[in-house]
Amino acid sequence: MRASNYFIPTLKEAPSEAEVPSHIYLVRAGFIRQLAAGLYEYLPLGLRVLRKIENIIRKHMDNAGALEVLLPILTPAELWQETGRWEVYGKELFRVEDRKGRLFALGPTHEETITDLVRKNIRSYKDLPKNFYQIQTKFRDEARPRYGLIRGREFLMKDAYSFDVSEEMAVQSYQVMRDTYKRIFDELGLDYLMVEADTGAIGGKYSHEFVVKAANGEAHIVYCENCGYAANVETAKYEFELDRPPPEEEKPLEKVYTPNVSSVEEVAQFLGVPPTKIVKTLVYILSDGRKVAVLIRGDRELNETKLINYFNVLDCRLATSEELKEMGVVEGFVGPIGLDLPVYADISVEGLHNFVVGANEKDYHYINVNIPRDFKPVEFVDFSTARGGDPCPNCKQPLKETTGLEVGHIFLLGTKYSEAMKAYFVDKDGKEKPIVMGCYGIGVSRLMAAAVEQNHDDSGIIWPESIAPFKLHILALNTKDPQITDVAEQIYKQAQEIGVEVLYDDRDISPGAKFKDADLIGIPYRIVVGKKVKEGKVELQERKTGKKEEIQIPDIPALLEKLKG
RNA sequence: CGGAGCGUAGCUCAGGCGGUAGAGCACUGGCAUGGGGGGCCAGAGGUCGGCGGUUCAAGUCCGCUCGCUCCGACCA
């Protein structure tokens, strides 16, 4: 491709709305443009990268035996109502109405659609297993689109759905996908982790996320370098036993005056005790209306996902000041003793002795509280958020903590959708059974951003070779010098003949501008044709390392062959 | 959805006291130049987000509205 015929609108300055490196560089280097909040246009360069990512995914999915389909973006509301997700998915679901008033959703995911297709067309165990996938635009009416391609309202995803006759077979399909995903992310050249994850709104029995390590990621994960344990903090466990303070002799319960002292830090300082001996009491309202008190040790953070899962509800939130008042609860001094709410305790509270809690009375705390002497929780449950330094649940070595971008998520769904939508098959024994499903997503457009987050420097993007828009960038430094343009043209033609994807900067602009653009665009290899052609030489530069090397012109075909391979 | 900020040239931003609209970069023509966004000359480019109000006069003050961004809630 000749740059003079192409479209690469580069920008010297970062657009004011861009915050993170991937957004800044993808816009500046002419890969994407923003149309509205969370909506992006892919320019020719951007589309090339997107297609590369797609094709890598497609290749591995095909190799794994998955079958590509293309499902409509518009999905009838009735389908979503069948599974209950018309309500459950909430405001994130983009809803539209046709002229007759019939309601549709712009698909954020396609479990309902694919399950409908399968129930209408698959009857027998002989038709199974099947795995269908598509690469399709998805929609989410995000409350807050952010960070360019990382969180858009419209984005490209690969989604796949497996259908099996039994859970055993479904687990096998799941494992095939897990291995396939590893191959995909390996080939994409990204630094990623596969982590245990929560199933969220998709539901299902268990799931794994594929997380690309990135400072701007929304996924918080912990992992163990020793044994390989890795999990999203939403679901991560840690070895509680090693997190316990040593046993103590029980001291008598005492109520102490703690004027205006309510936060853990304040109480710890005021009473001269470590936060590990203070127990926070949090009052939560569950989405089914239940009100519960949850105890957790002062140094630990409660994990609302674990709470939601334990109580089997859609959502939860802390009670507001007004609600606490209505319940007769004293904000800032809440405690389990004499509280008229079911009290659940995090596992961190189990075995804790002589600790501090609020006294349900303004400006008072109890000290030397002990279980079960002073109160008894309904149950001890793992509610706390794992963090770096916690002992690994498998091997007890300290866990590491990092943030990342979730670029893939696989779920063993079980029969949640097949039962809700009556997707049954007739098994060998002649009995009708629900199909066992799995679903598997990859954020294609998000991967493009993730790759840039992980591969850039102060000058611009450094594309991994597998997804770079071109392999080779030829810079003819002075287009008025026929000797230079002749050589550059010749290399360009050779590269095309050999099959190296090449961008040829033949524009009549200053050399500096060409170098700056080339750095910004981030094509892995660069051949600079300049003054040295007089000595029969050009220069090869590697974007990643900045390494420069002089090449004799007759050696170029060999070099191109190498680049192709 | 709560809180905050910002909308002026293609981009990044000044101007704010109410009185003829600015800079840098980009763009067009010309000249010179040709290894890191370089120089000189000339030029084009604006319903100052929109609607309404105050005023002799509004980019500037007031109200409403739309958009974009940030923090939070939420989320892949």
Base-contact (B) and sugar-phosphate-only (S) positions in nucleotides 25-34 of chain B, heavy-atom cut-off under 4.0 Å, - elsewhere: SS------BB
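- Residues A/Lys537 and A/Glu535 are paired through a salt bridge, judged by an N-O separation under 4.0 Å between the basic side chain and the carboxylate.
- Looking at heavy-atom distances under 4.0 Å, A/Gly404 makes no contact with the nucleic acid at all.
- If you check every strand for non-hydrogen atoms under 4.0 Å, A/Gly530 touches a base.
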Mind running side chain to side chain donor-acceptor pair (under 3.5 Å) on A/Tyr310 and A/Asp382 for me, showing each step along the way? CA-CA 9 Å; A/Tyr310 175 78; A/Asp382 169 20; over 6 Å; no
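- Aromatic ring pairs are classed by plane angle as parallel below 30°, tilted from 30° to 60° and perpendicular above 60°; the pair A/Phe210 and A/Tyr181 is tilted.
- Contact check on A/Lys534 versus A/Asp481 returns a salt bridge, with a Lys/Arg side-chain nitrogen under 4.0 Å from an Asp/Glu carboxylate oxygen.
- Between A/Arg543 and A/Asp457 there is a salt bridge, since a side-chain N of the basic residue sits under 4.0 Å from a carboxylate O of the acidic one.
- In this structure, A/Arg140 reaches the bases: a heavy-atom distance under 4.0 Å links it to at least one base atom across the strands shown.
- In this structure, A/Lys416 fails the cation-pi test against A/Phe411, since its NZ or CZ atom is not both closer than 6.0 Å to the six-membered ring centre and inside 45 degrees of the ring normal.
- If you check B/rG29 for Watson-Crick or wobble pairing at under 3.5 angstrom, you find it paired to B/rC41.
- As rounded to the nearest Å, B/rA58 and B/rG50 have P atoms that lie 14 Å from one another.
- More than 12 heavy atoms of other residues, nucleotides or ligands lie within 6.0 Å of NZ in A/Lys52, so this atom counts as buried by the packing criterion.
- Mapped onto RNA chain B by nearest heavy atom, A/Ala513 and A/Val407 fall at different nucleotides, with A/Ala513 at the one closer to the 5' end.
- Here A/Leu318 lies out of heavy-atom contact (under 4.0 Å) with every strand.
- If you check B/rC68 for Watson-Crick or wobble pairing at under 3.5 angstrom, you find it paired to B/rG5.
- Distance A/Asp517 CG to B/rG35 P: 17 Å, rounded to the nearest Å.
- Between B/rG15 and B/rA44, the distance separating the two C1' atoms is 23 Å to the nearest Å.
- The 12-atom threshold is exceeded at CG of A/Asn5, counting heavy atoms of other residues, nucleotides or ligands nearer than 6.0 Å.
- Relative orientation of the A/Tyr25 and A/His456 rings is tilted, given thresholds of 30° and 60° on the angle between their planes.
- Taking atom C1' on both B/rC56 and B/rC51, the two are 23 Å apart, rounded to the nearest angstrom.
- In this structure, the CD1 atom of A/Ile150 is 17 Å from the C1' atom of B/rC74, given to the nearest Å.
- With sequence neighbours excluded, the residues that form a side chain to side chain donor-acceptor pair (under 3.5 Å) with A/Thr83 are A/Glu112.
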Scan nucleotides 39-43 of chain B against the protein and return all N/O pairs shorter than 3.5 Å with their distances rounded to 0.1 Å.
none

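- Of the residues in residues 444-458 of chain A, A/Arg446 come within less than 4.0 Å of RNA chain B through at least one heavy atom, sorted by number.
- Across the strands present, B/rG34 finds no partner; the criterion is a Watson-Crick or G-U wobble pair with both atom distances under 3.5 angstrom.
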All N/O pairs under 3.5 Å across the protein-nucleotides 14-16 of chain B interface:
none

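- Atom name C1', nucleotides B/rC64 and B/rC70: the rounded distance is 24 Å, in whole Å.
- Remark: B/rC51 base-pairs with B/rG63. Criterion, Watson-Crick or G-U wobble with two distances under 3.5 Å.
- Checked for salt-bridge contact, A/Arg153 and A/Glu142 miss the test: no charged N lies under 4.0 Å from a carboxylate O.
- The pair A/Glu154-A/Arg140 does not meet the salt-bridge criterion, since no charged nitrogen lies less than 4.0 angstrom from a carboxylate oxygen.
- Across all strands, A/Asp481 comes closer than 4.0 Å to no nucleic acid atom at all (heavy-atom distances).
- Taking the P atoms as reference points, B/rU20 lies 10 Å from B/rG59, given to the whole Å.
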Show the numbers, then the answer: is there a side-chain contact (heavy atoms from CB on, under 4.5 Å) between A/Leu106 and A/Arg95? CA-CA 6 Å; A/Leu106 299 180; A/Arg95 290 156 218 253; over 6 Å; no
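- Counting non-hydrogen atoms under 4.0 angstrom, A/Pro15 reaches the backbone sugars and phosphates but no base.
- Base pairing analysis places B/rA73 opposite nothing; no Watson-Crick or G-U wobble pair with both distances below 3.5 Å involves it.
- In terms of modelled atom types and a separation under 3.5 Å, the side chain of A/Lys306 and the main chain of A/Ser384 share a donor-acceptor contact.
- Here A/Glu196 does not pair with A/Arg178 in a salt bridge; the nearest charged N to carboxylate O distance is not below 4.0 Å.
- Atom CD of A/Glu301 sits in a sparse spot, with 12 or fewer heavy atoms from other residues, nucleotides or ligands closer than 6.0 Å.
- The gap from the P atom of B/rC27 to that of B/rG38 amounts to 10 Å, rounded to the nearest Å.
- Across all strands shown, B/rG46 remains unpaired; no Watson-Crick or G-U wobble contact has both distances below 3.5 Å.
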Footprint string (nucleotides 67-73 of chain B, 5' to 3'): B base within contact, S backbone only, - free, heavy atoms under 4.0 Å: -SSBBBB
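- Across the C1' atoms, B/rG72 and B/rG10 are found 34 Å apart, a figure rounded to whole Å.
- Looking only at side-chain heavy atoms (C-beta outward), A/Arg58 and A/Tyr133 come within less than 4.5 Å of each other.
- Across the C1' atoms, B/rG19 and B/rC6 are found 27 Å apart, a figure rounded to whole Å.
- The existence of a salt bridge linking A/Glu54 and A/Arg51 is confirmed by a sub-4.0 Å separation between a basic side-chain nitrogen and an acidic carboxylate oxygen.
- Nucleotide B/rC17 has no partner under the Watson-Crick or G-U criteria, as no pair reaches both atom distances under 3.5 Å.
- The nucleotide B/rU12 finds its pairing partner in B/rA23, both defining distances of the Watson-Crick or G-U wobble pair being shorter than 3.5 Å.
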